Engineer: 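First the structure, which I've put down as structure tokens, then a few questions once you've had a look.
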2 protein chains.
Amino acid sequence: MTETRPYHHGDLRRTLLGAAAEAITENGPAALSLRDLARRAGVSHAAPAHHFGDKAGLLTALAAQGFGYLADELDRTRAAGGGVLEAGVAYVRFAVAHRAHFAVMFQPELLNRADPELLAAQDRSSSALRDAVATVDRSELRGADARIAGLSAWSIVHGFATLWLSGALPPDLGDNPEDAARQVIRPLFARG
Amino acid sequence: MTETRPYHHGDLRRTLLGAAAEAITENGPAALSLRDLARRAGVSHAAPAHHFGDKAGLLTALAAQGFGYLADELDRTRAAGGGVLEAGVAYVRFAVAHRAHFAVMFQPELLNRADPELLAAQDRSSSALRDAVATVDRSELRGADARIAGLSAWSIVHGFATLWLSGALPPDLGDNPEDAARQVIRPLFARG
DNA sequence: ACTGCTAACTTGACAGTGACAAGATTGGAG
DNA sequence: CTCCAATCTTGTCACTGTCAAGTTAGCAGT
């Protein structure tokens with residue numbers, strides 16, 4: 001990652017990414033405006049283009065950052081001795097804590113899919129995901145092919161996170177996403 | 001719909017919804033342009049506003065249509081005697097067949113959440129979903145609270161559909177979403 | 001110190017867009 | 001036949017993303 005010290009502005013790149021995350025958290029990715037970000041950062045309207053090329057470039061950088069954060073979160077959970085269930089909860093925790101990043105990470109039409117930085121970050125989080133699933137006791141996932149089991153786990157946590165963030169889940173689940181996730185995910189792993 | 005060419009264009013509303021679905025399927029919701037839709041339909045740039053108010057109105061109508069289609073699909077599967085697993089597969093089939101609708105249905109920031117037509121359609125598909133889950137044999141979902149079990153099922157199919165559509169799943173899953181879904185969903189229901 | 005050099009930013013312009021207001025056209029009810 | 005309300009058009013505005021060209025700042029080498 002190219003670190004810049006305060007030239008004219010300071011580090012505009014990081015500032016813009018932060019402002020973008022904030023704006024997306026508030027109004028979603030569709031409403032994001034580069035000019036608005038520039039305004040928030042106190043620079044001219046064309047400044048963002050210099051760092052990210054275009055809008056897709058900015059969102060790609062955000063997505064890459066998101067995959068990095070996700071990998072961090074999963075690694076941290078694993079280091080703490082958590083199993084698959086806790087990795088799943090960590091996935092949801094990440095999605096809720098960084099909803100702007102999450103909202104962009106799985107919308108390829110918004111991104112430069114071939115961006116090397118993005119691909120690297122995706123790779124890192126894929127590995128972290130794979131490692132998390134590898135810790136599963138075979139009996140927990142009832143004899144299924146490990147590869148399929150991993151996809152089942154990924155699907156259920158990804159689905160829960162998406163539905164939670166979209167507000168589609170019933171309100172009687174409470175307002176703690178991690179607890180709710182734990183309940184909903186458990187049936188995949190609990191023994192019969 | 002027979003081939004008509006009315007000067008006042010007959011059913012613009014339906015035509016625009018169709019064009020919108022097509023455009024979103026191609027380029028995603030973010031790239032959608034009302035003026036482009038108007039061009040495709042051969043009307044003036046301001047015509048869509050009359051039927052939908054604004055962009056959010058159009059997307060809301062699309063989402064409502066999508067919830068209707070989803071309810072239809074689930075009802076059809078249930079009428080054919082399918083269980084929860086097949087309902088799940090039907091959910092995925094719907095998402096893939098109507099990816100434009102699906103892409104919009106769970107992005108509240110693009111919609112008028114309070115639109116009565118939308119709420120009614122959501123209600124209908126919620127009921128269909130609930131009915132589908134209600135057919136589950138208690139032993140299939142291993143003693144979990146039925147309410148939680150339903151959310152688990154919803155999460156796993158929704159997550160699978162989302163990941164499939166975003167192209168995030170590994171390519172060795174094949175190119176048949178229904179077969180792949182069946183494999184990935186099964187671990188939730190299979191007996192220990 | 002001064003000379004270039006390059007990255008970081010600005011200024012200015014252009015085509016497209018969503019939204020609104022006001023006018024035109026139509027089918028149909030009375 | 002008249003009139004009206006729904007449908008659609010025209011014109012306009014502020015705003016957006018992107019590009020081209022210019023400006024400023026840090027820095028290395030002499």
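Heavy-atom basis, side chains included; hydrogens, waters and symmetry copies ignored. Only a predicted model underlies this, so the values are computations on that prediction, with no experimental measurement involved. First the proteins, then the strands, lettered A, B, ... as listed; each starts at 1.
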Engineer: Listing time: all N or O pairs from protein to nucleotides 10-15 of chain D that are below 3.5 Å?
Structural biologist:
unit_1	atom_1	unit_2	atom_2	d
dG11(D)	O6	His45(B)	NE2	2.8

Engineer: Measure the distance from CG on Leu12(B) to C1' on dT7(D) and round it to the nearest whole Å.
Structural biologist: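 My rounded result for the distance is 9 Å.
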Engineer: Let me know which of Arg93(B), Arg78(B), Arg124(B) forms a salt bridge (charged side-chain N to carboxylate O under 4.0 Å, His left out) with Glu73(B).
Structural biologist: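 Option passing the salt bridge (charged side-chain N to carboxylate O under 4.0 Å, His left out) with Glu73(B): Arg93(B).
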Engineer: Between atom CG in Asp36(A) and atom P in dT18(D), what is the gap in whole Å?
Structural biologist: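 So the two atoms are 15 Å apart, to the nearest Å.
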Engineer: Which residues pass the ring pair (Phe, Tyr, Trp, His ring centres under 6.0 Å) test with His98(A), sequence neighbours left out?
Structural biologist: Tyr69(A), Phe94(A), His101(A)
Engineer: Would you list the pairs meeting side chain to side chain donor-acceptor pair (under 3.5 Å) in which at least one residue belongs to residues 15-31 of chain B, sequence neighbours left out?
Structural biologist: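 Non-adjacent pairs meeting side chain to side chain donor-acceptor pair (under 3.5 Å): zero.
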Engineer: Name every residue in residues 51-61 of chain B that has at least one heavy atom under 4.0 Å from any atom of DNA chain C, in order of residue number, or write none if there are no such residues.
Structural biologist: Asp54(B), Lys55(B)
Engineer: Classify the ring geometry between His158(A) and Phe102(A) as parallel (under 30°), tilted (30 to 60°) or perpendicular (over 60°).
Structural biologist: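 The rings of His158(A) and Phe102(A) sit tilted, inter-plane angle from 30° to 60°.
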Engineer: What is the separation between atom CG on Leu16(A) and atom P on dG17(D), rounded to the nearest whole Å?
Structural biologist: 12 Å
Engineer: Can you tell me how far the NE2 atom of His45(A) sits from the CG atom of Leu37(A), to the nearest 0.5 Å?
Structural biologist: 13.5 Å
Engineer: Using whole Å, what does the distance between atom P of nucleotide dG17(D) and atom NE2 of His50(A) come to?
Structural biologist: 18 Å
Engineer: Which part of the nucleic acid, if any, lies within contact of Leu37(A), taking any heavy atom under 4.0 Å across all strands shown: a base, the sugar-phosphate backbone alone, or nothing?
Structural biologist: nothing
Engineer: Under the rule for side-chain hydrogen bond (donor to acceptor under 3.5 Å, both in side chains), what residues qualify as partners of Asp131(B), not counting sequence neighbours?
Structural biologist: none
Engineer: Nearest whole Å is fine: how far is dT18(D) P from Asn112(A) CG?
Structural biologist: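 Taking atom P of dT18(D) as the reference, CG of Asn112(A) is at 10 Å.
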Engineer: From CG of Leu32(B) over to P of dG18(C), roughly how many Å is that when rounded to an integer?
Structural biologist: 7 Å
Engineer: Of all residues at least two apart in sequence or in a different chain, which pass the side-chain contact (heavy atoms from CB on, under 4.5 Å) check with Ser125(A)?
Structural biologist: Phe67(A), Leu70(A), Ala71(A)
Engineer: Rounded to whole angstroms, how far apart are CG on Asp11(B) and P on dT26(C)?
Structural biologist: 18 Å
Engineer: Given side-chain hydrogen bond (donor to acceptor under 3.5 Å, both in side chains), test Asn112(A) with Asp115(A) step by step and report yes or no.
Structural biologist: CA-CA 6 Å; Asn112(A) 299 324; Asp115(A) 181 274; 5.4 Å; no
Engineer: Could you tell me if the side chain of Trp154(B) sits less than 4.5 Å from the side chain of Leu169(A), heavy atoms only?
Structural biologist: yes
Engineer: Which is more 5' along DNA chain C, the nucleotide nearest Leu34(B) or the one nearest Val43(A)? Just name the residue.
Structural biologist: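 Result of the comparison: Val43(A).
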